[in-house]
There are 2 protein chains.
Amino acid sequence: MPRPSAIRNSIAELVSRSDRHGWTIEEVSAALEQRGVRADTSSVFRGLVRLADDGVIEALELGDGRVRYEARAEHHEHISCSSCGTVGAVPGCLVEQAIPSVEGATGFRVTGHRVHFTGLCVQCAPAAG
Amino acid sequence: MPRPSAIRNSIAELVSRSDRHGWTIEEVSAALEQRGVRADTSSVFRGLVRLADDGVIEALELGDGRVRYEARAEHHEHISCSSCGTVGAVPGCLVEQAIPSVEGATGFRVTGHRVHFTGLCVQCAPAAG
DNA sequence: TTCCGTGCAAAAGCTTTGCATATTG
DNA sequence: CAATATGCAAAGCTTTTGCACGGAA
């Protein structure tokens, strides 16, 4: 039996059991600390990479140059608030059926896709008008 | 009349008149050098930022942590080859009509979106099987 | 003893900025 | 002279990696 990893286990519980999407390494670190788990960034990083490799969580990129992680779940897209940064999930897939035409138009063989909406979340929309 | 900028002009001609998409700063620098224009990375960077501010070109992000630029044009999505990095354009918009339902499902007010396909380009697809 | 997890510190890869110089109007 | 462009070098940010230590099997 492999040696238990306190930090990695905490990360797994945190990220994988939360409905929050798109955790950054920093956010995970902060959340762990709030739970009384102090962990170095490198340990959090390694934990996340490992969990992603193991298929427990998955990595994503929302265009701000920071890697994000979230519970592995059914396919969905993402939407992030340009004001506060909150990341939400957009259920379902909006482009799946368009893949054949994309392949026809580009000549590429499509192996994956990512749809990312930006906007204002419920909290920020009123304030911004 | 503002002082002319040799480098910025070269960048504008290069990026804005090419049908190539998603130029990285490094790629722009290399292309300039091939044309006999030697320019420091910072100058290329500033030129690109300025041109983007002026609306001549636009910036985009394809999830690899590098900022990319391309001619400002009609709305289109992108597809990049996971083997050689080539970036192509996917004409039209695949999610525009889905925005109302996205807003309904998420509560966000949608202000923008980005669709990014990944796959294998014509050159790389055969080699990869 | 042999792994494996962790912290600390440092390297890396890009982007961005500061500063001094040069060039144009 | 005043304003802008440019090069060079260095700062910043986040992600990664190297090393050494310590605990578990």
Side-chain angles (χ1 to χ4, degrees), chain A residues 1-16 21-54 56-70 80 85 87 116, chain B residues 1-16 22-70 80 82 84-85 87 116:
Chain A
M1 182 186 280
R3 177 179 161 197
S5 164
I7 292 178
R8 198 191 319 140
N9 290 343
S10 297
I11 296 175
E13 268 188 45
L14 182 69
V15 174
S16 147
H21 290 251
W23 293 84
T24 63
I25 296 179
E26 198 179 3
E27 289 168 346
V28 172
S29 293
L32 287 181
E33 191 144 17
Q34 277 201 336
R35 294 186 167 200
V37 179
R38 204 181 328 122
D40 186 82
T41 302
S42 65
S43 300
V44 175
F45 168 72
R46 284 190 261 242
L48 286 167
V49 168
R50 169 69 173 279
L51 290 170
D53 281 349
D54 292 351
V56 178
I57 62 178
E58 50 190 337
L60 56 142
E61 232 285 16
L62 296 184
D64 61 353
R66 279 183 283 189
V67 186
R68 290 162 185 275
Y69 298 86
E70 64 184 27
S80 54
V87 176
H116 177 213
Chain B
M1 183 183 278
R3 176 180 162 194
S5 166
I7 293 179
R8 200 192 318 139
N9 291 343
S10 298
I11 296 175
E13 267 190 45
L14 182 70
V15 174
S16 148
W23 292 84
T24 63
I25 296 179
E26 198 179 2
E27 288 168 346
V28 172
S29 293
L32 287 180
E33 191 144 16
Q34 276 200 335
R35 294 186 167 201
V37 179
R38 204 183 325 123
D40 186 81
T41 301
S42 65
S43 300
V44 176
F45 167 73
R46 283 189 263 239
L48 287 166
V49 168
R50 170 70 173 279
L51 290 170
D53 281 348
D54 291 351
V56 179
I57 62 177
E58 52 190 337
L60 56 141
E61 233 285 18
L62 296 184
D64 61 351
R66 279 181 283 187
V67 185
R68 290 161 185 274
Y69 299 85
E70 65 184 27
S80 54
S82 51
C84 70
V87 176
H116 176 212

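Heavy atoms only: backbone and side chains are in, while hydrogens, waters and symmetry mates are out. Below, read A as the first sequence line, B as the second, and so on, with proteins coming before strands; counting in each chain starts at 1.
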N/O donor-acceptor pair under 3.5 Å between A:Asp64 side chain and A:Arg66 backbone:
yes

From CG of A:Leu32 across to P of C:dG5 the rounded distance in Å is 16 Å

Return the 5'-most residue of the pair A:Thr41, B:Tyr69 with respect to DNA chain C, ranking by each residue's nearest nucleotide.
A:Thr41

Can you tell me the distance, in whole Å, between the CG atom of A:Leu62 and the C1' atom of D:dT14?
15 Å

Phosphate contact (C:dG5 OP1 or OP2) by A:Arg8 side-chain N/O below 4.0 Å:
yes

Expressed in angstrom and rounded to an integer, what is the separation of B:Arg66 atom CZ from C:dG13 atom P?
11 Å

Within this structure, what is the CZ-to-C1' distance between A:Arg46 and D:dT14, rounded to whole angstrom?
15 Å

Nucleotide D:dG18, atom C1' - distance to CZ of A:Phe45 in whole Å
13 Å

Just call it for A:Val67: base, sugar-phosphate, or nothing, with non-hydrogen atoms closer than 4.0 Å on any strand.
sugar-phosphate

Nearest 0.5 Å please: distance from the CD atom of B:Glu61 over to the NE2 atom of B:His116.
9.5 Å

Nearest-angstrom distance from the residue atom CG of A:Leu48 to C1' of C:dG5:
15 Å

Can you check the A:Glu61 CD to D:dT15 C1' distance for me, whole Å?
11 Å

Calculate the interatomic distance between A:Arg38 atom CZ and C:dG7 atom C1'; express it in whole Å.
11 Å

If you measure from CG on B:Leu32 to CZ on B:Arg38, what distance do you get to the nearest 0.5 Å?
12.0 Å

Nearest to the side chain of B:Asp40, heavy atoms from C-beta on, is which of C:dT24, D:dC8, D:dT15?
D:dC8

Answer yes or no: does a side-chain N or O of A:Arg50 lie under 4.0 Å from OP1 or OP2 of C:dG5?
yes

Below the 4.0 Å mark, does C:dC8 have OP1 or OP2 next to a side-chain nitrogen or oxygen of A:Ser42?
no

Does a sphere of radius 6.0 Å around CD in A:Glu26 hold more than 12 heavy atoms from other residues, nucleotides or ligands, not counting ones at 6.0 Å or beyond?
no

Donor-acceptor pair, A:Asp40 side chain versus A:Ser42 backbone, under 3.5 Å?
yes

